[in-house]
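First comes the structure, then the notes that go with it.
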Amino acid sequence: MGPSSTPDLSTDVSPLSLSTVAVVGLGTMGTGIAEVLTRAGREVIGIDTDETAARHAVAALEASTARAVQRERITERERQDVLARFRTFSDLQAAADADLVIEVVPEDYELKRQVVTALDAVVRPDTILATGTNALSVTRLAADSQRPERVLGVHFFNPAPAMKLVEVVSSVLTAPTAVAAVTQLARELGKDPIAVGDRPGFVADGLLFGYLNQAAAMYEAKYATREDIDAAMRLGCGLPMGPLALLDLIGVDTARTVLEAMYAESHDRLHAPAPILGQLAEAGLTGRKAGRGFYTYEAPGGSTVVPDAETPAAAGDQASGRTVRSVGVAGSGTMASGIAEVFAKAGFEVVLAARSLEKAETAKARIAKSLGRAVDKGRLTAEARDAALAAVTPAGSLDAFADVDLAVEAVAEDLEIKQQLFATLDKVCKPGAVLATTTSSLPVVACARATSRPQDVIGMHFFNPAPAMKLVEVVRTVLTADDVHATVRAVCAKVRKHAVDCGDRAGFIVNALLFPYLNNAIKMVQEHYASLDDIDAAMKLGGGYPMGPFELLDVVGLDVSLAIEKVLHAEFRDPGLAPAPLLEHLVAAGCLGRKTGRGFREYAKR
């Protein structure tokens, strides 16, 4: 092939027309991509050496289009047109007339290299070759091709028909027109493409898999049960699935492969696959597809979880707790008033103590306003509001806690302040009262040691806003008594919160998994790998997150985020947990997020 006979992809400025697309590999992802393309009017050549896979792909398209007709989204005539545009073959030679070839064969470099090399000999010189990899080097695949300028990555997310994100991955060798053509195609498919460079995991998986790996390591260390880890991240962060359930869905073996590739590139210990991933994969316990992974499923390929040896015992089998009728809440901020509201609505007598009676009354007024909003929205009756408000007694001193059965502190996140408060509670509260801290980052045992009764001290980490957020992390120290733990679990049930158990170490469950992920997102921006907007879009569209990492950081507060990251780094001593310098610079500049009008983004002043 001489240079004069081949179009120069690197200088042609208009996007190429991609009307015929070959999809190589008709597994779940390939089938989904084929459906998206055919329904968008493209001629699709499906290629798989396994005839059964090809038949399944056709059957899947027939079934999904039949459902679309049933729901009146397309007509039967349109359905027939879609089906006519999808043809399957067992030989790569069928790709000869394709404008674009997308390979989604299994995540094995040698296999993908063989496919690309074989396609080199089959397709036209101007045909774009796209790899669907999410972990392997696009640059290396391109370099092994006869025409590296036409090779790029196009990473769809599963299920491809539903997920909006497509990462378009270019190497240093990729022609701009190839990127432009594939990006334009993605938009025409109704997707949201983002441009990323070639590094393992790209944006979405690059952030997601580090988090999943840490969750697996947390479970492996027996720090928390699989059920509690998953519930904590669903309820504490609003995620659609918990990390261990998601690993089972993705495939434990797939996750391990992605992490191996990420670790080879980054040498970041957070990407070194947790040993349990290798153990499960080698045992064939690869998740849903095998019928067993972190959880056990009704059948291979099924989604229904069935009880197994690790399923927690019923609540009735646990130790009995102490009686709690009255609750003292110490503090006057948003968290303290929110917690007091939660207890009052559940029928507890609440003493709300602040540094002055005036501050306590201001906090009660905040509760009244919140309850009023609930009535306006039809979530609460006027009678229930009045009863809850009547149950709250403001006080200007902790002396008012003399008769409470449970004392909950929600004061400043400062160990010295909390220790002084617990020393006072020790003197004021009656014997047998449970003493709880709502700390999110400080050692609970350090609060317990400030009292003469550390067995009565426990962590109850509510999430903000407490009336709305369902999660409470229940934090036992090595000194916490069993009946104190049982008491707090029962109280959580009565206030209709979901309690998860964890040990007394930095970050507990949620923050220990959330903040390294946020820190890694900051590092991506710091390294100019991707923009704030692209990263936020990737995590919302590709990961189902309710907020992107930078939206969340600005809401939480950059100073709060930095403080938590410093605590995690100090406790675990992992270099990968060191706060990103960009975060430290923004905090030093007073850019703390929404509360100051500027963080990672600027906000209109209220």
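Since this is a predicted model, take the numbers as computed values, not measurements.
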Are [X] and [Y] packed together at the side-chain level, in the sense that at least one heavy-atom pair is separated by less than 4.5 angstrom?
X      : Y      : result
Thr334 : Pro465 : no
Cys429 : Leu435 : yes
Leu421 : Leu398 : yes
Leu562 : Glu584 : yes
Leu577 : Glu565 : no
Asp501 : Glu473 : no

What's the shortest heavy-atom distance between [X] and [Y], and which atoms?
X      : Y      : result
Ala274 : Glu220 : CB-OE1, 3.8 Å
Leu553 : Leu558 : O-CD1, 3.4 Å
Ile509 : Cys502 : CG1-CB, 3.8 Å
Val444 : Phe508 : CG2-CZ, 4.2 Å

Determine whether a donor-acceptor pair (N or O, by modelled atom type, separation under 3.5 Å) exists between the side chain of [X] and the backbone of [Y].
X      : Y      : value
Arg269 : Pro575 : no
Thr424 : Gln420 : yes
Asp268 : Gly576 : no
Asn519 : Ala578 : yes
Asn213 : Leu270 : yes
Asp198 : Ser137 : no
Asp504 : Val445 : yes
Glu167 : Phe202 : no
Glu413 : Thr439 : no
Tyr219 : Ile229 : no

Next item on the list: Given side-chain contact (heavy atoms from CB on, under 4.5 Å), test Lys364 with Ser337 step by step and report yes or no.
Entry: CA-CA 7 Å; Lys364 182 171 178 176; Ser337 57; over 6 Å; no
Note to self: Aromatic contact between Tyr263 and Phe209, with the criterion being ring centroids under 6.0 Å apart: yes or no?
What the structure shows: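 Aromatic pair excluded; centres sit 6.0 Å or further apart.
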Margin query: Looking only at the side chains, is there a donor atom on one of Asp554 and Tyr603 sitting less than 3.5 Å from an acceptor on the other?
Written below: yes
Next item on the list: Indicate whether the side chain of His485 and that of Thr480 have a donor and an acceptor atom separated by less than 3.5 Å.
Entry: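 The answer is no; no qualifying pair exists.
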Notebook entry, point to check: Would you call the rings of Phe343 and Phe462 parallel, tilted or perpendicular, where under 30° means parallel and over 60° means perpendicular?
Noted result: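 Taking Phe462 first and then Phe343, their aromatic rings stand perpendicular (interplane angle over 60°).
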Next item on the list: Return the orientation label for the His155 and Phe157 ring planes: parallel under 30°, perpendicular over 60°, tilted otherwise.
Entry: tilted
Could you tell me whether [X] and [Y] make a salt bridge, using a distance below 4.0 angstrom between a side-chain N and a carboxylate O?
X      : Y      : value
Arg366 : Glu341 : no
Glu527 : Arg199 : yes
Glu571 : Arg505 : no

Next item on the list: Answer yes or no on whether Arg601 is positioned over the face of Phe550, meaning its NZ or CZ is under 6.0 Å from the six-membered ring centre and within 45° of the axis.
Entry: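 So Arg601 doesn't make the cation-pi contact.
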Check: Could Lys191 and Phe156 be counted as a cation-pi pair, given that NZ or CZ must be under 6.0 Å from the ring centre and within 45° of the axis?
Finding: no
